[in-house]
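Input: a single structure, listed below in structure tokens.
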2 protein chains.
Amino acid sequence: MSQEGAGVDLKTSLGYLLKEASSALRAAMEAVLRPLGMTVTHYSCLELLAQRPGLSNSELARGAFVTRQSMNVLLQALERDGYVTRPAEAPVGKVLPTRLTPRGRHSLEQATVAVRSVELRMLAGLTESEQSDALRILRSMVRSLRDANDGG
Amino acid sequence: MSQEGAGVDLKTSLGYLLKEASSALRAAMEAVLRPLGMTVTHYSCLELLAQRPGLSNSELARGAFVTRQSMNVLLQALERDGYVTRPAEAPVGKVLPTRLTPRGRHSLEQATVAVRSVELRMLAGLTESEQSDALRILRSMVRSLRDANDGG
DNA sequence: TGACTCATGTCAGTAGTCTGACATAGCTTG
DNA sequence: CAAGCTATGTCAGACTACTGACATGAGTCA
């Protein structure tokens, strides 16, 4: 391991550290979701539907940070396996409101317990004030990045 | 857009916000790297090699947060296209030290400018003190997650 | 009404990453 | 020395997510 050689300025780059933290979080979530046969996007989709029943495919995609095409593939699988339902025809426009089935809700319950334990572990070393600092700082970073990405 | 309906507790979840920030950063980086024909992992690999010449495939993989198999595929392409070089035989053990070629260095220079502008944009709304807070907090989160992931 | 713009759902093909597996080199331990 | 453990490089197959493209429905405006 020649990694302890010299902490170059990668370790002081907030972008690099953000990627490292996100990667660690994703790995931890995958580790606890795998025994349940779920991926992170799979779980995100169910969690979004539990908190906001009737979300459309595109809205779910934005909420899970994937394209609507990717979410569409996932939704078709979830629908086929009986975790969610969508009306055959759109009540209005082309938007198909999606809802959890009892089976989906049950599956989500197990996943939520697992994911919550990961989040608690992640927050273990932080004070309340540090947690709210982190929320505020991350929101600012998202806003700055999104402004220039969407608008130009 | 029914998204402004109610900020449920997803918006207060540090894990969710971390994913959102990371997703926004990744999208912004992809947007500026695409015109250069580079992916984020591609750039990460070159940047790591510039800062630490002679890193092995496995070390690059850890530094770019992908598996060594994925990095191996990338390195073979980079080597084929003349961005990096690796000795045909390992000087010691099986480890193949990788180095940038002049072409690789030149390619990295353009990418670095683009990526630095993204990072500056991301930090635009933050004070110096907030930036160092963010570094400290993210490091703590990484440590907490990694301890339980590697060691258990 | 008709043209234009935007968002949505969906199909198809591509690219990046992952898991699984194997052989090999170095280190440790009995 | 032999056995076992760990780390590495590599190949192959599978999966996930992405880009590109198309048709359709809603809203805007002349």
Side-chain angles (χ1 to χ4, degrees), chain A residues 1-3 19 22-23 26-31 33-35 37-45 54-81 84-98 149-151, chain B residues 1-4 19 22-23 26-31 33-35 37-45 54-81 84-98 150-151:
Chain A
M1 255 9 120
S2 64
Q3 253 175 340
K19 189 175 171 184
S22 166
S23 167
R26 184 174 193 87
M29 287 183 65
E30 280 171 353
L33 288 176
R34 183 182 311 279
M38 261 192 230
T39 66
V40 175
T41 304
H42 183 141
Y43 159 75
S44 299
C45 178
L55 280 187
S56 71
N57 174 36
S58 288
E59 288 168 329
L60 286 168
R62 281 192 291 269
F65 312 113
V66 297
T67 63
R68 66 186 195 278
Q69 292 92 329
S70 297
M71 183 55 73
N72 188 35
V73 172
L74 175 59
L75 275 185
Q76 287 175 354
L78 291 178
E79 194 173 11
R80 168 176 48 80
D81 297 342
V84 305
T85 53
R86 285 192 292 181
E89 299 226 337
V92 52
K94 297 186 67 178
V95 178
L96 293 174
T98 312
N149 234 34
D150 294 353
Chain B
M1 251 15 116
S2 65
Q3 252 173 341
E4 54 265 44
K19 189 175 171 185
S22 167
S23 168
R26 184 175 193 88
M29 287 184 66
E30 281 172 350
L33 289 175
R34 184 182 311 279
M38 262 191 229
T39 66
V40 175
T41 305
H42 181 140
Y43 159 75
S44 299
C45 176
L55 282 187
S56 71
N57 175 36
S58 288
E59 289 168 328
L60 287 168
R62 282 191 291 269
F65 311 113
V66 296
T67 63
R68 66 185 196 279
Q69 291 92 329
S70 297
M71 182 55 72
N72 189 35
V73 172
L74 174 60
L75 275 184
Q76 287 176 352
L78 291 178
E79 193 173 13
R80 167 175 50 80
D81 297 341
V84 306
T85 54
R86 287 192 291 181
E89 299 227 334
V92 52
K94 299 185 66 176
V95 177
L96 292 173
T98 312
D150 294 353

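First the proteins, then the strands, lettered A, B, ... as listed; each starts at 1.
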(request) Taking side chain to side chain contact (heavy atoms under 4.5 Å, CB included) as the test, write out the residues that go with B:E79, two or more places apart. (result) B:V84, B:R86
(request) Indicate whether OP1 or OP2 belonging to D:dC18 is found under 4.0 Å from a side-chain N or O atom of A:T67. (result) yes
(request) Using whole Å, report how far NE2 of B:H42 lies from C1' of C:dA15. (result) 15 Å
(request) Kindly compute the distance separating CZ (B:R62) from CG (B:N57), expressed to the nearest 0.5 Å. (result) 9.5 Å
Provide a list of protein-nucleic acid N or O atom pairs under 3.5 angstrom, restricted to nucleotides 10-14 of chain D.
residue	atom	partner	partner atom	Å
D:dT10	OP2	B:N72	OD1	2.9
D:dT10	OP2	B:R86	NH1	3.1
D:dC11	OP2	B:Q76	NE2	2.9

(message) Rounded at 0.5 Å granularity, tell me how far CE in B:M38 sits from SG in B:C45.
(response) 10.5 Å
Protein-nucleotides 24-28 of chain D N/O pairs closer than 3.5 Å?
residue	atom	partner	partner atom	Å
D:dT24	O2	A:K94	NZ	3.4
D:dA26	OP1	A:G93	N	3.2

(message) How close do A:S56 and A:V95 get, counting heavy atoms only, and between which atoms?
(response) CB-CG1, 3.3 Å
(message) Are A:S22 and B:R26 packed together at the side-chain level, in the sense that at least one heavy-atom pair is separated by less than 4.5 angstrom?
(response) no
(message) Nearest heavy atom decides the nucleotide; on that basis, is A:V95 or A:R34 closer to the 5' end of DNA chain C?
(response) A:V95
(message) Please report the distance, rounded to the nearest Å, between CG in B:L75 and P in C:dT17.
(response) 12 Å
(request) Ignoring backbone atoms, test whether B:T41 places a side-chain nitrogen or oxygen under 4.0 Å from the OP1 or OP2 oxygen of C:dT17. (result) yes
(request) Answer whether the closest heavy-atom distance between the side chains of A:T41 and A:S70 falls below 4.5 Å. (result) no
(request) Identify, with sequence neighbours excluded, every residue that meets side-chain hydrogen bond (donor to acceptor under 3.5 Å, both in side chains) alongside B:S58. (result) none
(request) For the helix from C:dT1-D:dA30 to C:dG30-D:dC1, measure the angle between the helix axis at one end and the axis at the other, each built from five pairs, rounding to 10°. (result) 30°
(message) Rounded to whole Å, please give me the gap between CZ in B:R26 and P in C:dG16.
(response) 11 Å
(message) Expressed as a whole number of angstroms, how long is the span from A:E89:CD to C:dG9:P?
(response) 15 Å
(request) Starting at atom CD of B:E30, determine the distance to atom C1' of C:dG16, rounded to an integer number of angstrom. (result) 10 Å
(message) What is the distance, to the nearest angstrom, from the CD atom on B:E59 to the C1' atom on D:dA7?
(response) 11 Å
(request) Ignoring backbone atoms, test whether B:S58 places a side-chain nitrogen or oxygen under 4.0 Å from the OP1 or OP2 oxygen of D:dA7. (result) no
(message) Rounded to whole Å, how long is the line connecting atom CG of A:L74 with atom P of D:dC15?
(response) 15 Å
(request) Whole angstrom is fine here: how far is it from CG in A:L60 over to P in C:dA7? (result) 18 Å
(message) Counting only side-chain nitrogens and oxygens, does B:R62 get under 4.0 Å of the OP1 or OP2 atom of D:dT8?
(response) yes
(request) State, yes or no, whether a side-chain contact exists between A:H42 and A:L33 at a heavy-atom distance under 4.5 Å. (result) no
(request) Return the set of residues passing side-chain hydrogen bond (donor to acceptor under 3.5 Å, both in side chains) with A:T98 (not counting sequence neighbours), or none when no residue passes. (result) none
(request) Please determine if a side-chain N or O atom of B:S70 lies less than 4.0 Å away from the OP1 or OP2 oxygen of C:dG16. (result) no
